[in-house]
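The chain is numbered in sequence order, starting from 1.
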Amino acid sequence: MNDDQLLRYSRHILLPQIGIEGQEAIVASRVLVVGAGGLGSPAAMYLAAAGVGTLVLADGDTVDLTNLQRQILHSQDGVGRLKVESGRDSLMRLNPEVKLVPLACRLEGAALEEEVALADVVLDCSDNFVTRHAINRACVAAGTPLVSGAAVRFDGQVSVFDLRNDDSPCYHCLFPEGEDVEEVRCAVMGVFAPITGIVGAVQAAEALKLLAGCGETLTGRLLLLDALDMDWRTIRLGRDPACPVCLSRRA
């Protein structure tokens, strides 16, 4: 790192759990954020501010007026623009040292697999089970740690799925694909604006810990927040020994 970087990231460097080595790892990293909405906004902002070297932002949507209540990466002037372009401009103002890669598409198939394989950490900030399961499959195949978040109404949840650890479940272990799981989306049910900020910030924290190699992540745990009562709970997660997604990688 140069002198300006040492000064910019000095408050991280002062932390013995991160130090210069941990911050250098953050600066040298590549992170994929899928979704530039309510969760992706705070997550991407904290990752950029913390100095992630290459930040890939994937989202095919445009900014809508209804987004502005919670999607703090965007402003009134951005309505009608692609979210990744609006987000890129905001993040570059925040930290011009970060290399921003905007992908104005819904990542899927080979393109998703390629981006996941290139990333050091993936943040799932999407809002539907189809995308979440696709991201999980790609992360399992590539062995890339996945930080998953969700928020709707007053409820939020975060977990880390890192199959580099033998006892870690994958997302499919927790929410099996094809089962009758209710799809609850904020466009229909509503969402308390700060809950997306809280969950997205926790996702960024977990990603930075993975990159810097410090602390204990949420691997094997599901963090739940009821913001209406401001009640935090943690549930221990076990892997499904019959999970068809992660079983092949463990074989």
Side-chain angles (χ1 to χ4, degrees), residues 32-46 57-76 78-84 86-87 90 104-108 112 122-137 139 146-161 169-207 218 221-235 237:
L32 170 63
V33 178
V34 182
L39 302 179
S41 289
M45 293 178 78
Y46 273 113
L57 194 61
D59 196 310
D61 290 341
T62 56
V63 180
D64 185 82
L65 188 61
T66 61
N67 300 150
L68 303 184
Q69 163 253 14
R70 65 201 177 282
Q71 299 183 16
I72 58 174
L73 198 56
H74 315 296
S75 65
Q76 182 79 30
V79 173
R81 297 185 66 197
L82 287 166
K83 286 185 179 180
V84 292
S86 169
S90 297
C105 63
R106 178 173 177 168
L107 271 184
E108 55 189 358
L112 173 61
V122 175
L123 279 72
D124 180 359
C125 300
S126 65
D127 63 354
N128 64 89
F129 284 119
V130 172
T131 300
R132 289 172 186 160
H133 280 290
I135 294 170
N136 177 66
R137 288 193 298 271
C139 286
L146 169 62
V147 183
S148 177
V152 70
R153 294 180 294 224
F154 290 89
D155 303 315
Q157 64 182 44
V158 188
S159 190
V160 173
F161 304 101
C170 76
Y171 184 82
H172 189 280
C173 293
L174 180 60
F175 297 109
E177 191 172 12
E179 289 198 356
D180 187 18
V181 179
E182 182 185 7
E183 185 86 272
V184 182
R185 303 182 69 173
C186 61
V188 178
M189 304 303 298
V191 60
F192 185 49
I195 194 72
T196 61
I198 295 169
V199 172
V202 172
Q203 287 184 266
E206 291 299 288
L218 285 169
R221 292 181 291 158
L222 178 65
L223 181 64
L224 300 169
L225 170 62
D226 173 0
L228 198 57
D229 295 326
M230 202 49 71
D231 179 39
W232 293 86
R233 292 186 298 138
T234 303
I235 298 174
L237 302 177

[X] versus [Y]: any side-chain heavy-atom pair under 4.5 Å?
| X | Y | answer |
| --- | --- | --- |
| Gln76 | Leu65 | yes |
| Asp155 | Asp226 | yes |
| Leu107 | Ile135 | no |
| Leu73 | Leu57 | yes |
| Lys83 | Asn67 | yes |
| Asp59 | Val33 | no |
| His133 | Tyr171 | yes |

Pairing residues for Ser126 by the side-chain hydrogen bond (donor to acceptor under 3.5 Å, both in side chains) criterion, not counting sequence neighbours: Asp124

Residues forming a side-chain contact (heavy atoms from CB on, under 4.5 Å) with Phe192, sequence neighbours excluded: Phe154, Pro194, Ile195, Ala227

Partners passing side-chain contact (heavy atoms from CB on, under 4.5 Å) against Leu82 (at least two apart in sequence or in another chain): Thr62, Val84, Glu85, Ala104

Which atom of [X] lies closest to which atom of [Y], heavy atoms considered:
| X | Y | answer |
| --- | --- | --- |
| Gly197 | Pro42 | CA-CG, 3.8 Å |
| Arg132 | Ala150 | NH2-CB, 3.7 Å |
| Arg81 | Ser86 | NH1-CA, 3.9 Å |
| Ala43 | Ala204 | O-CB, 3.8 Å |
| Cys173 | Pro169 | CB-CB, 3.8 Å |

Step-by-step side chain to side chain contact (heavy atoms under 4.5 Å, CB included) determination, Val79 to Leu68: CA-CA 9 Å; Val79 173; Leu68 303 184; 4.0 Å; yes

Side-chain H-bond candidate by donor/acceptor type, Thr131 with Arg106, under 3.5 Å: yes

Identified side-chain contact (heavy atoms from CB on, under 4.5 Å) partner of Gln157 from the options Ile235, Leu222, Leu223: Leu222

Point-to-point distance, once rounded to the nearest 0.5 Å, from CZ of Arg70 to OG1 of Thr196: 7.0 Å

Rounded distance [0.5 Å steps], CD1 in Ile198 versus CE in Met230: 5.0 Å

